[in-house]
Amino acid sequence: MRVAIQRVNQASVVIDGKVNGQIEQGLLVLAGFTPTDTKEDLQWTAKKTAQLRIFSDDQDKMNLSVQDVNGGILLISQFTLYASTKKGNRPSYIEAAPPAVAIPLYEQFHQFLEAELGRPIPTGVFGADMKVSLINDGPVTITIDSQNKE
């Protein structure tokens, strides 16, 4: 699984003209899945995301997690994180899990992330046409791949 994490001052997702989820300070998490993702991948990524120290402390050093700053998380499904651009100009998404596989993985990841954060996490709707807005803080953007645990 892959996630792109953006530190934000605020973020929201609108579907069909209505706000489906929003947060103030926290993390916008875009999550993509492959057919080979396991429960362990989901749990590891949820824990890593919640504990990632990318918020500034009183010394202005990135030393605090979203938990430490009592921030929120907005979770959005994003199959395009598995885009391959090796051939031609049209990306291939062959590595991305199909919806029948990805939806249960996304729902389980959401549950693990809520357990790590200790409170509800708003989301988008899998497969919907979503309008995501954010005010990026920094900007700070971190990518994590559960198959490349560096």
Side-chain angles (χ1 to χ4, degrees), residues 1-56 62 64-85 90-150:
M1 103 170 268
R2 287 184 185 153
V3 293
I5 300 166
Q6 295 185 299
R7 186 178 74 182
V8 299
N9 287 332
Q10 65 184 43
S12 64
V13 60
V14 173
I15 302 168
D16 294 329
K18 295 180 182 167
V19 174
N20 197 74
Q22 61 185 1
I23 61 167
E24 294 301 317
Q25 179 187 37
L27 303 174
L28 171 62
V29 178
L30 307 172
F33 305 91
T34 68
T36 59
D37 287 331
T38 66
K39 177 181 176 183
E40 289 73 28
D41 290 318
L42 304 177
Q43 290 174 316
W44 180 86
T45 306
K47 184 173 185 171
K48 182 65 87 173
T49 299
Q51 295 180 359
L52 195 62
R53 297 181 341 184
I54 59 173
F55 290 89
S56 298
M62 284 198 270
L64 302 174
S65 71
V66 69
Q67 296 165 317
D68 296 329
V69 299
N70 201 30
I73 295 176
L74 176 60
L75 177 62
I76 306 292
S77 61
Q78 182 88 32
F79 77 93
T80 61
L81 288 173
Y82 279 97
S84 173
T85 58
R90 183 170 184 242
S92 167
Y93 303 103
I94 196 162
E95 296 296 319
V101 174
I103 291 170
L105 291 170
Y106 175 70
E107 291 171 350
Q108 192 171 27
F109 179 64
H110 180 231
Q111 291 172 354
F112 290 144
L113 202 52
E114 283 187 328
E116 287 292 334
L117 191 62
R119 60 184 176 278
I121 292 175
T123 66
V125 173
F126 192 96
D129 180 21
M130 296 178 274
K131 307 302 180 205
V132 179
S133 299
L134 69 137
I135 298 176
N136 203 322
D137 180 17
V140 175
T141 302
I142 307 288
T143 58
I144 298 174
D145 189 323
S146 67
Q147 298 305 308
N148 189 15
K149 296 176 177 138
E150 296 181 335

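Counting from 1, the numbers follow the sequence of the chain as shown. Just the heavy atoms: all of them, side chains too, but no hydrogens, waters or symmetry mates, feed the values below.
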Test side chain to side chain contact (heavy atoms under 4.5 Å, CB included) on Lys48 and Ser146; report intermediate values, then the result. CA-CA 10 Å; Lys48 182 65 87 173; Ser146 67; over 6 Å; no
Calculate, to the nearest 0.5 Å, the distance between atoms CG and CG belonging to Asp145 and Asp41 respectively. 8.5 Å
Heavy-atom distance under 4.5 Å between the side chains of Met130 and Asn20, does that happen here? no
Between CG of Leu27 and CG of Asp137, what distance do you get to the nearest 0.5 Å? 10.0 Å
Got a second to check how far Gln10's CD is from Gln22's CD, nearest 0.5 Å? 8.5 Å
Donor-acceptor under 3.5 Å (Glu116 side chain, Gln43 main chain): no
Provide the closest heavy-atom pair for Ile23 versus Leu74 in the form atom of the first, atom of the second, distance. CD1-N, 3.8 Å
Crowding at CZ, Arg119 (>12 non-hydrogen neighbours, <6.0 Å): yes
Side chains of Pro122 and Ser12, heavy atoms from C-beta outward: is any pair under 4.5 Å? no
Compare every heavy atom of Ser56 with every heavy atom of Leu64, then report the nearest pair and how far apart it is. CD1-O, 3.3 Å
Mind checking what makes ring pair (Phe, Tyr, Trp, His ring centres under 6.0 Å) contact with Phe79, not counting sequence neighbours? Tyr93
Exam field: side chain Asp37 to backbone Met1, donor-acceptor pair closer than 3.5 Å: yes
Please report the interatomic distance OG(Ser77) to CD(Glu107), rounded to the nearest 0.5 Å. 10.5 Å
Taking all non-hydrogen atoms of both residues into account, name the closest pair between Thr34 and Ala97 and its distance. C-CB, 3.6 Å
Enclosure of Glu114 CD (heavy-atom neighbours >12, cutoff 6.0 Å): yes
Closest contact, heavy atoms only, Ala11 versus Val8: CB-CG2, 4.0 Å
Begin with the C-alpha distance, continue with both residues' side-chain angles, and end with the deciding distance and a verdict on side chain to side chain contact (heavy atoms under 4.5 Å, CB included) for Phe33 and Val101. CA-CA 8 Å; Phe33 305 91; Val101 174; over 6 Å; no
Approximate separation, where rounding is to 0.5 Å, of Lys39 NZ and Phe112 CZ: 5.0 Å
Taking the side chain as every heavy atom from C-beta outward, state whether Ile5 and Ile54 have any pair of such atoms under 4.5 Å apart. yes
Please examine the side chains of Thr45 and Phe109, heavy atoms only from C-beta on, and report whether any two atoms are closer than 4.5 Å. yes
Search all heavy atoms of Phe126 against all heavy atoms of Ile103 and return the closest pair with its distance. CD2-CG1, 3.3 Å
Taking the side chain as C-beta and beyond, is there a heavy-atom pair between Ser84 and Ile94 under 4.5 Å? no
CD1-CG distance between Ile73 and Leu117, expressed to the nearest 0.5 angstrom: 4.5 Å
Is there a donor-acceptor pair closer than 3.5 Å between any side-chain N or O of Arg2 and the backbone N or O of Leu81? yes
If I compare all heavy atoms of His110 with all of Ile121, which pair ends up nearest, and what's the gap? NE2-O, 2.7 Å
